[in-house]
Amino acid sequence: MITKPIRTRFAPSPTGRMHIGNARSALYPFLLARRMGGKFILRIEDTDQKRYEPGAEQELIDGLHWLGLHYDEGPDIGGPHGPYRQSERRAIYHEHAWKLVELGKAFPCFCTPDRLEKVRQEQMKNKQNPRYDGTCRLLAPEEARRRVNAGEKYVIRFKMPKDGSITTTDLLRGSITTENSALDDSVLLKSDGLPTYHLAAMVDDHLMGITHVIRGSEWLPSMPLHIHVIRAFGWEEPIFAHLSVFLKPSGKGKMSKRDRAEAMKDGHSIFLGDMKELGYTPEGVLNWIALMGWGVAEDDVMTLDQMVKRFNIDNLTPSPAAINFQKLDHFNGTHIRLLPTEELAARIKPYFLADGLKVEDDTLLKITPLLRERLVTLDDCLAFGAFFFRESVQPNAEELVAKGLDAKQSAEVARRAYQILSALPDLSHARAEPPMRAYVEESGLSPNQVFGIVRVAVTGQKVSPPLFESMEIIGKEKVLERLEKAAQMLETM
Ligand code: GLU
């Protein structure tokens with residue numbers, strides 16, 4: 001039972017592009033903190049210098065802001081428990097590692113990588129689990145100190161008790177008891193003076209007052225070590241929740257961000273930067289991710305605010321979650337339809353601009369409600385609506401010919417539509433539709449034939465928003481120009 005103010009954190013390593021696994025590891029602690037009136041913290045775990053990627057931290061920060069997962073403390077905004085970048089906390093880890101040595105819970109180890117490798121080979125040969133063989137555990141503390149002071153290279157290892165067992169509790173899975181004899185004297189401080197995750201994360205979670213550690217299930221096997229470290233310091237244990245793994249879209253095996261073929265499939269991607277470019281909305285992405293590991297109904301549509309109201313950490317589930325991009329499309333389209341017109345207009349505008357179109361804002365506001373129903377991703381606005389902003393359209397001659405008619409008959413339809421529409425003072429929907437319907441009646445043609453020809457002529461495409469609404473927005477002059485051009489194309493076929 002936690003009585004302190006709730007504090008949660010997202011603690012990514014800046015080792016690559018931000019993906020949906022990161023996003024989910026940020027979302028749940030964010031929701032818990034907001035639900036409980038607590039604080040949500042961003043901590044950058046950059047102590048693995050071999051895997052460090054410049055630019056990755058900024059991508060994480062941008063991704064969080066894009067999703068709306070704003071944090072209360074973090075490397076770029078500071079806070080009372082900073083610094084929030086582990087590479088800037090070296091001295092803190094150093095001090096804590098040595099504190100454990102003083103407490104008799106850890107020891108400096110001078111074994112060379114060569115020696116450790118030989119031990120490992122030997123153990124493998126004897127079918128033993130590879131682990132540290134304990135050589136430096138036996139050194140007298142004064143002797144160890146002397147060698148450290150003399151400048152010898154060392155690491156600090158946790159002195160794992162040889163006997164007994166440890167019981168750890170994961171909120172989603174319950175308690176697990178592990179024999180200490182199965183655990184290793186793991187390295188806490190590396191020879192480059194930087195901590196391993198096992199030390200750094202435990203120290204930081206404690207110093208930053210973290211009450212709930214929500215992290216990926218790849219850390220579950222290290223949990224006994226982590227609880228040992230926390231208890232060795234005599235600290236209170238936070239609540240741990242390890243999130244379910246993602247399964248590949250094929251359902252076969254665990255998803256890995258390194259598996260590019262699976263990560264980028266049929267115009268989909270698990271990387272946030274790509275998703276944004278592909279026209280996914282933060283609302284759609286969040287809703288999709290939220291349900292992969294949170295036991296609410298599979299098709300629940302929720303905004304971030306609604307998630308905050310409903311979130312209950314006890315409902316997180318350990319069952320693997322299959323990545324289903326069709327569901328993402330579904331949620332994205334659904335959230336697009338929920339956006340107010342002005343907001344949606346502002347979101348699709350950049351796609352038109354990027355396509356080189358000149359966007360008049362009042363036209364944009366008028367077409368947005370027409371496009372809304374048709375968009376799965378925001379960039380679909382181009383396929384359905386670019387013609388509104390073009391001076392002219394280039395219909396495909398074949399497509400202008402209506403089913404069951406030849407080119408000449410289709411040309412007559414275009415000419416007749418021209419006559420009817422040109423006689424009107426303007427092409428408001430209410431004015432244009434009745435005479436065009438009357439023409440369909442008297443001509444004996446089907447609405448599909450007549451409106452199909454007019455649609456392709458005026459929009460340049462076979463699928464478009466509703467025809468009369470579209471013609472009203474395009475305006476009489478351009479509609480007539482386009483009908484004239486179509487008629488000519490048909491006549492010369
Ligand atoms: N830096 C670790 C990772 O990215 C952090 C895990 C955590 O404690 O949240 O996997």
Side-chain angles (χ1 to χ4, degrees), residues 6-33 38-53 55-61 63-64 69 71 73-75 81 83-90 92-93 96 168-172 186-188 190 194-230 235 237-246 254-258 270-272 289 293 313 316 318:
I6 302 290
R7 290 176 58 85
T8 64
R9 87 300 193 271
F10 170 46
S13 302
T15 55
R17 304 186 60 200
M18 184 172 185
H19 52 79
I20 56 173
N22 298 128
R24 193 186 56 166
S25 292
L27 174 63
Y28 294 154
F30 170 89
L31 292 176
L32 179 64
K39 296 275 189 255
F40 172 59
I41 290 134
L42 171 64
R43 179 172 79 223
I44 297 292
E45 303 206 326
D46 57 349
T47 59
D48 187 345
Q49 302 204 305
K50 285 192 274 313
R51 293 177 57 217
Y52 179 80
E53 254 192 50
E57 176 180 320
Q58 194 55 47
E59 183 170 329
L60 287 159
I61 289 176
L64 290 176
L69 305 180
Y71 40 88
E73 300 166 28
H81 301 277
Y84 294 91
R85 210 175 272 117
Q86 289 187 329
S87 57
E88 294 164 19
R89 298 170 65 81
R90 251 172 207 262
I92 298 174
Y93 308 125
H96 280 83
T168 61
T169 305
D170 169 69
L171 189 69
L172 282 51
S186 299
V187 174
L188 302 179
K190 297 178 282 184
L194 284 167
T196 58
Y197 172 78
H198 309 308
L199 177 69
M202 298 315 113
V203 168
D204 288 348
D205 286 337
H206 172 71
L207 296 180
M208 295 179 182
I210 301 303
T211 53
H212 295 73
V213 172
I214 302 175
R215 59 183 185 179
S217 58
E218 68 272 25
W219 296 111
L220 204 50
S222 322
M223 199 180 164
L225 167 64
H226 296 162
I227 301 297
H228 267 298
V229 171
I230 294 169
W235 294 336
E237 292 162 35
I239 288 176
F240 281 87
H242 293 88
L243 302 177
S244 58
V245 294
F246 286 134
K254 204 179 134 204
M255 181 77 201
S256 154
K257 60 183 177 183
R258 288 169 202 93
I270 62 161
F271 297 105
L272 256 69
I289 292 170
I313 191 174
L316 293 182

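Just so you know, ligand 1 is whichever comes first in the structure, and atom 1 is the first atom listed for that ligand.
- Each of D204, D205, I6 was compared with I210 under the side chain to side chain contact (heavy atoms under 4.5 Å, CB included) criterion, and only D205 meets it.
- You'll find the ring centres of Y197 and W219 inside the 6.0 Å limit.
- The proximity of Y197 to ligand 1, defined as any non-hydrogen pair under 4.0 Å, is limited to the side chain.
- Distance check, rounded to the nearest 0.5 Å: CD1 of I227 to CD1 of I230 gives 4.5 Å.
- Of the protein's heavy atoms, W219 NE1, 3.3 Å lies nearest to atom 10 (O) of ligand 1.
- For atom 5 (C) of ligand 1, the nearest non-hydrogen atom of the protein is A11 O, 3.0 Å.
- With hydrogens left out, the protein atom closest to atom 9 (O) of ligand 1 is R9 NH1, 2.7 Å, a heavy atom.
- Note that CD1 of I41 and OG1 of T8 are 6.5 Å apart. Values are rounded to the nearest 0.5 Å.
- At a heavy-atom distance under 4.0 Å, atoms from both the backbone and the side chain of S13 approach ligand 1.
- Listed for the S217 side chain is a donor-acceptor partner under 3.5 Å among the backbone atoms of L243.
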